Amino acid sequence: MKRYNPSDIEPKWQSFWADQKTFVADNNSPRQKFYISAMFPYPSGAGMHTGHAFEHAIVDAIARFQRAHGKNVLNPMGWDTFGLPAENYAIKTGTAPAEVTKVNIANFKNQLNRLGASIDWSREINTTDPEYYRWTQWIFARFFERGLAYQKESLQWWCPVDKTVLANEQVESGKCWRCGTEVVKKSMNQWFFKITDYADALLDEIPDLDWPAKIKTAQTNWIGKSVGAEIEFTVDGVDAVITVFSTRPDTLFGATFLVLAPEHPLAKQLAANKFKQNVEEYIADAVKKSEIERMSDNKEKTGVFTGSYAINPANGEKMQVWIADYVLSGYGTGAIMAVPAHDERDFAFAEKYHLPVVEVIDKPDDEPGVYRGEGVLMNSGVFDGRSSSDIREEIAAWLEEEKIGRPKVTFKMRDWLISRQRYWGAPIPIIHCQTHGAVAVPDDQLPVVLPEIADYAPKGDGKSVLAGISGWVNTTCPTCGEPAKRETDTMDGYACSSWYLLRYTDPNNSNQAWDPVITNAWSPVDYYVGGDHAVAHLLYVRFWTHVFNDMGLTEFKEPVKKLVYHGYINAEDGSKMSKSKGNTIDPLEVIDQGYGADALRTYLLFMGPIELDAPWDSRGIAGIYRFLNRVWVLNQEYLEAEKSFTTNDDAVRRLQHKTIRKVTEDHHRLSFNTAISALMEYVNELYKFKVDGFSDDVWCDALGTLARLLAPFAPHMTAEIWQQLGNSSSIEEAGWPQWDSALIVSDTLTIIVQVNGKLRAKLTVAADTTADDVKQQAIDEPNVVKFLENKEPAKVIYIPGRLVSIVV
RNA sequence: GGGCGAGUGGCGGAAUCGGUAGACGCGCUAGACUCAAAAUCUGGUUCACAUUAGUGAGUGGGGGUUCAAGUCCCCCCUUGCCCACCA
């Protein structure tokens, strides 16, 4: 008998798939398209980790399942290769980032092939390839033309170690997402994408996305839409107006003081002479404080009185104007009207500095603390007695009429800071001319190729190292031909990953970023599989696709129909795997230990629901190997058996069709762990039937079905078995087995009998037994009689085919 | 502080529409094979009492709805993740 030895089988089929181009997707197929993609990886030097293996086990199970259903499957692969690790490695070793990247890609690609991933390698893309970033730059130029890319001097997050600015999304709890260093604020002239123009459009589509609720909620909160009003307050005796934003204009009569952020442009100007020193000290102190410090003492609010007063336009009252760092400069107008009676933060501040509190909404008696809810207005002049929620728009309209305010919608989301002062990124295709300002590099001069250099280390002067290469920087203005200088910042890597899903559909097009006909046909992505990013990438890719749609470059607005989100594989003790802790599992080592890729893939999907985190269990994979070995042995025994007698054919057939149904349904809901357990039960049962003997055609069908159902998880072994069973075409062409409901129906049923909700007996009855007969049989069961205690049942409920519930 | 999840054997988990709780696997355990071990195969495995059938308890805790609740409702506890002074 041939032993199950994955190291014999797996290379054979991997070569077969490559030679046959089995997984090359056809743009012109008449079959229904199915586009699936993993989030493309950054190919680090460490190679693939268990998370990648898990992700590709998921993608591949879905891709092979859909292929078996006759779909024209597109499962492409590419590399997100710009970024800090390659550049930092280059700084350390002097090796060109492009060289390191090349080696890492080759390694990663080999590893994916050893997993048996059904990838169309003819569409491989690489974001650092000039033929790719040429089009990233082309898109930048289009954004620039439309005013969606612009330059602005402003305070930005700066990482002192990586010596670059960071986007808001790349700052986690006041620290750099890459190196963990505390970031600082620095005023710099930077490039932005105007994602805020699309805030409403992006928000509107969220309910219709087939994405996990937590991601949809995260994006909704990140966009952070607030509907309210801007209100202008004149300052008493000073020629200045303070504009605030409030979601509760209905509480205007309760506004008793104003608070400005320390960075507010009027902050210093409003300081009256005898308060000037206090104010300036406070502002200097607040600006100096890092974000971490500001957050850590957020329990105790601090502030300083300016000495100025503003007038409440609703009631003419004088209000003190304060400066405090609990007001954020980047949100709304950087100034608020404080309503201490109905806002906890304002209340805490008012209490500390003995500022007046005026209640304007009648609060329910049983409500403790500061009342933030809706209610009936009081102390509000003509609005007394009205409901706060009804009056909100009316007050905003009144403000507009009086020219002291207007209805206003504000978003938490800021524009996307795109420029980086680093070498290893796509150069921003802009030329700065004395006369014409920023001018886009003409399309026929793209790509602006990243020059090769010797020293990659940033100088910390706020510019990328490209600024030091005069031969590259100095050029001529495309508009007037006079000497001009190139932009020396590069684009954040998130730019490159914001359109790669479109490029996959037409990856080798050298005339345009994509051919709309081809791209519209494949898009949107049907399943996008990943376990990382909630906002950043998943918001940017939506933003770009919306813009492309507005530009007429695509017919679709949303790039991803269904987002499949998976959990993490943890170390055996349940902690996170990390290189520094030395508790990582190398998936390639697992394959090489003799378990093979099929066992690895099947195990990763058997561990639990894909969305949950689960700890790696080295004994668990041994159990899966045992299962695959049982499948193998069963087939070998069949192939070598005397095929002479037959029993239990109906039972085998019923089992087979039941299993097809179960596994198919589980696939549709991505419940791979239960699909695999159903296949285990199938195999366990087949072993029991095997004792009774073989009937050639019934068993050939049963085992061929097993191979096809198992193929999305263990493609190599099942390809081999399929061939051994005498099929002339490969299992990838075999299609998905169908079930026949008529064959699943059994002629006997097991009925549960409950007395007062407790299980007391089980009945086996013929499927055509009438309801009354089943009820009577249930009542006559000895163990039921015992619990009836000679009484008549008060109620007998029969759920057909399932149970009888007797109430005494 | 806010938002969203999750709590089921020794472990990972199953129960898809309110209908046999613990499928499947790991581990443990008894046996077969073996000189022995590994591998493999067969059986057992929620807990307690009885062990032949059975009885009682049981899905974080407490209440409720129902013939019937892991599943629905209310309160509480624990825990994970995300956002965190967004006016």
Side-chain angles (χ1 to χ4, degrees), chain A residues 172-173 212-218 220-222 224-226 228 244-248 251 255 259 261 294-295 297-299 301 324-328 330-339 342-346 348-349 372 410-414 534-535 567 572 574 602-603 606-609 611-624 626-627 629-630 633 662 665-666 668-669 671 673-684 687-688 750-762 782-783 786 793-799 801-808:
Chain A
E172 294 165 354
S173 314
K214 66 170 183 173
I215 306 293
K216 300 209 296 190
T217 311
T220 305
N221 293 341
W222 184 266
K225 182 174 182 171
S226 293
V244 308
F245 171 74
S246 173
T247 53
R248 296 295 300 271
T251 62
V259 189
R294 271 210 201 180
M295 282 191 296
D297 29 80
N298 71 15
K299 289 196 180 70
K301 295 201 186 334
D325 67 3
Y326 84 92
V327 174
L328 306 174
Y331 181 75
T333 61
I336 61 155
M337 64 176 205
V339 185
H342 304 292
D343 183 286
E344 284 117 341
R345 296 156 302 183
D346 297 344
F349 195 80
R372 302 197 321 171
T410 297
F411 297 93
K412 282 190 207 173
M413 183 169 67
R414 314 293 147 80
V535 279
E572 299 225 20
T602 310
Y603 173 61
F606 181 65
M607 291 170 79
E611 66 273 15
L612 294 187
D613 295 351
W616 178 266
D617 180 356
S618 52
R619 289 181 298 206
I621 188 162
I624 289 290
R626 238 180 333 255
F627 162 64
N629 188 51
R630 273 163 71 79
V633 168
K662 171 71 177 156
E665 287 172 353
D666 283 352
H668 281 299
R669 57 188 184 105
S671 180
N673 56 331
T674 53
I676 294 165
S677 83
L679 288 166
M680 289 173 169
E681 286 180 76
Y682 183 44
V683 172
N684 291 343
Y687 263 92
K688 285 175 193 162
T750 301
I751 304 291
I752 300 310
V753 184
Q754 294 180 344
V755 179
N756 289 339
K758 283 198 179 349
L759 174 69
R760 293 303 177 197
K762 293 178 189 181
N783 203 43
K786 198 167 102 193
K795 209 169 172 187
V796 180
I797 298 160
Y798 176 51
I799 309 295
R802 285 182 168 270
L803 65 80
V804 176
S805 185
I806 300 168
V807 188
V808 183

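No hydrogens, no waters, no symmetry mates; every other heavy atom, side chains included, goes into these values. What you see is a predicted model, and the numbers here were worked out from it, not measured in a lab.
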Considering every strand and a 4.0 Å limit on heavy-atom distances, what is the contact class for A:D666: base, sugar-phosphate, or nothing? base

Looking across every strand, which nucleic acid part, if any, lies under 4.0 Å from A:K225 by heavy atom: base, sugar-phosphate, or nothing? nothing

B:C49 glycosidic conformation (syn if within 90° of 0, otherwise anti) is anti

Quick one: label A:R669 by what it contacts on the DNA or RNA (base, sugar-phosphate, nothing), any heavy atom closer than 4.0 Å. base

Rounding to 0.5 Å, atoms CZ (A:R619) and CD (A:E572) come to a distance of 7.5 Å

Sticking with atom P, work out how far B:A48 lies from B:U34, rounded to a whole angstrom. 36 Å

I need the A:I624 CD1 to A:N629 CG distance, nearest 0.5 Å. 12.5 Å

B:A68 versus B:U20 - spacing of their P atoms, nearest Å: 15 Å

For nucleotides B:G80 and B:C67, find the distance between their C1' atoms and express it as a whole number of Å. 38 Å

At under 4.0 Å between heavy atoms, what does A:N783 touch on the DNA or RNA strands: base, sugar-phosphate, or nothing? sugar-phosphate

Checking contacts here: which listed nucleotide (B:C24, B:G13, B:G3) is nearest the side-chain heavy atoms of A:N684? B:C24

When the ring planes of A:F245 and A:Y331 are compared, do they come out parallel, tilted or perpendicular, using 30° and 60° as the limits? perpendicular

C1' atoms of B:C17 and B:U71, separation to the nearest Å: 11 Å

I want to verify a distance call: between B:A84, B:G13, B:C85, whose nearest atom is closest to the A:W222 side chain? B:A84

Measure from the side chain of A:M680, starting at C-beta and using heavy atoms only, and say which of B:G25, B:U42, B:C26 lies closest. B:G25

Answer with yes or no whether A:K301 presents, from its side chain, a donor or acceptor under 3.5 Å of a partner atom in the base of B:C85. yes

B:G70 versus B:G61 - spacing of their P atoms, nearest Å: 12 Å

For atom C1', what is the distance between B:U51 and B:A32, given to the nearest Å? 25 Å

Please check if atom NZ in A:K214 has more than 12 non-hydrogen atoms from other residues, nucleotides or ligands closer than 6.0 Å. no

Is it the case that B:U55 (base atoms only) and A:K758 (side chain only) share a donor and an acceptor within less than 3.5 Å, ignoring hydrogens and angles? no

Classify the nucleic acid contact of A:S805 as base, sugar-phosphate or nothing, counting any heavy atom under 4.0 Å across all strands shown. base

Quick note, A:R630 side chain, CB onward, closest among B:G43, B:U20, B:U42 is B:U42

Does A:E681 reach a base, just sugar-phosphate, or nothing at all? Heavy atoms under 4.0 Å. sugar-phosphate

Closest approach to the side chain of A:Y326, judged atom by atom: which nucleotide of B:A87, B:C85, B:G19 is it? B:C85

Starting at OG of A:S805, measure out to NZ of A:K795 and round the result to the nearest 0.5 Å. 9.0 Å

Closest of B:G19, B:C24, B:A15 to the A:S677 side chain is B:C24

At 4.0 Å (heavy atoms only), tell me whether A:K795 reaches a base, stays on the sugar-phosphate, or touches nothing. sugar-phosphate

Of A:F606 and A:N221, whose nearest nucleotide on RNA chain B comes first from the 5' end? A:N221

Taking for each residue the nucleotide of RNA chain B bearing the nearest heavy atom, is the 5' side occupied by A:A218 or by A:R414? A:A218

Using the C1' atom as the point on both nucleotides, what is the distance between B:A30 and B:G62, in whole Å? 43 Å

Could you give the distance separating B:A23 and B:U46 at their C1' atoms, to the nearest angstrom? 14 Å

Nearest heavy-atom contact between A:I751 and A:L803 is CG2-CA, 3.8 Å

Scanning both residues in full, the closest heavy-atom pair of A:V259 with A:V327 reads CG1-CG2, 3.6 Å

From B:A87, B:U16, B:G13, pick the nucleotide closest to the side chain of A:P609? B:G13

Please work out if A:G224 contacts a base, only the sugar-phosphate, or nothing of the nucleic acid, heavy-atom cut-off 4.0 Å. nothing

Glycosidic conformation of B:G9, taking syn as within 90° of 0 and anti otherwise: syn

